[in-house]
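Some notes on the structure that comes next.
Along the sequence shown, residues are numbered consecutively beginning with 1. Whatever order the structure lists them in is the order used to number ligands and atoms, beginning at 1.
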Amino acid sequence: MNTLSRRNFLHGSALIGVSVAAAAMTPMAAVAAGPKNCRSVKEVFSMSDVDMAKNSEVVQSAYDTIVNVAKKINNSSLRSSILSILENPAPSIAEGNEAGILSSLKKEKLIASDAKAIFPRIQNKKQSPQPFWSAPGSGYGSHHAYPGGLATHTALNVVSAQALYENYRHINNLDLDWDDAVGGEILHDLHKPWVFQWEKNHACRVEQTLAGTGEHHVLSVAESIKRGIKPSLVVAQACAHEHPSSKQGEALVVGWLKAASIIAGVDPVKSGLLAADQKTLPLPRRMEGYVVHLADHDWVISSSACQWSVQALKDLAKEQYGITDETQFNAFRNYVLANLTAMRLYGILSSQGRKAFAADVARVIKL
Ligand SMILES: [Fe+2]
Ligand SMILES: [Fe+2]
């Protein structure tokens, strides 16, 4: 993330604030604060990570938020494609010839020369290894690292994208494409359920790097291409991790679109994903990608909030629940965060202290 991205983010976050401040408490925030089903530690240890997300009202409400926004996509065939990805983000790109894709990526220097594979494990290529709503929001040491974290991350991003779209319209008279900006945000992390599969110890699979970024990004862009999502939305989606305002930044986005095109088996120029010289995005550069990029910046606060909440949970688990085993702690942590979220808990810890933090945890789990 370069300085320019950060500067733009700060400007964007000020704009986001206008709409969020005017909004009432969302159903997701209300259920996080509302009465809870308090389970015993023993009961939690026997739950799967998918069960934890399934039983969390907060996670299900976050997922509903995303689906309800997806239902507002204007173009009907795009709307049904996006809804079907949310329903089952199956990796149709895994049907491709992995050895051929790997050698093309190596030829373009988009993957390490000693890379052995490109696709995470998958049993049935027609079925996502887990629902969209049970995946973590990122790697286990990063943001939203708990069952349902992808839903809570994407919900905030999608609401932010809508607010940014409106704010740019009201303040700058911009007439952006709503489907590209908001649809791109909905799809931006679509392959996290595949990349971040839950492991037996309740941590998740470790992500590999692809074309200089986390593989989930390139695989998600490739999936959108493969499923026939329109190129202007795919380009906007590709900007989630970087924007094209600097040469360096644009080269990264171009590399992701090239790698994704190789994986999806398309020509990026003929498909309208890159300019004819393959050095830039299609010109003039559209602005919807900036909305996707800025609205994905939830990770800035949420990565630290998750790490600091996990550390505080580790201390609490040891002191008050007698949990020191790593797998047991992971289950404890996943259950608590799926029901309360790392953002809410760190908000309580940072403003009210450890006692209030422990009291909120005690609403959902007991000895
Ligand atoms: Fe991402
Ligand atoms: Fe994201």
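Geometric assessment of R39 against the ring of F45 yields a negative cation-pi assignment under the 6.0 Å and 45° thresholds.
Annotation: side chain of W256 is in contact with side chain of V218 (closest heavy-atom distance under 4.5 Å).
Note: angle at the Fe ion (ligand 2), from NE2 of H188 to OD2 of D189, is 80° (rounded to 10 degrees).
A side-chain donor-acceptor contact under 3.5 Å links K106 to the backbone of A115.
The pair K230-D177 meets the salt-bridge criterion, since a charged nitrogen lies less than 4.0 angstrom from a carboxylate oxygen.
In H216, the N, O or S atom that comes nearest to the Fe ion (ligand 1) is NE2. The nearest N/O/S atom of D296 to the Fe ion (ligand 2) is OD1.
For the Fe ion (ligand 1), the N/O/S atoms of H217 include none lying under 2.8 Å.
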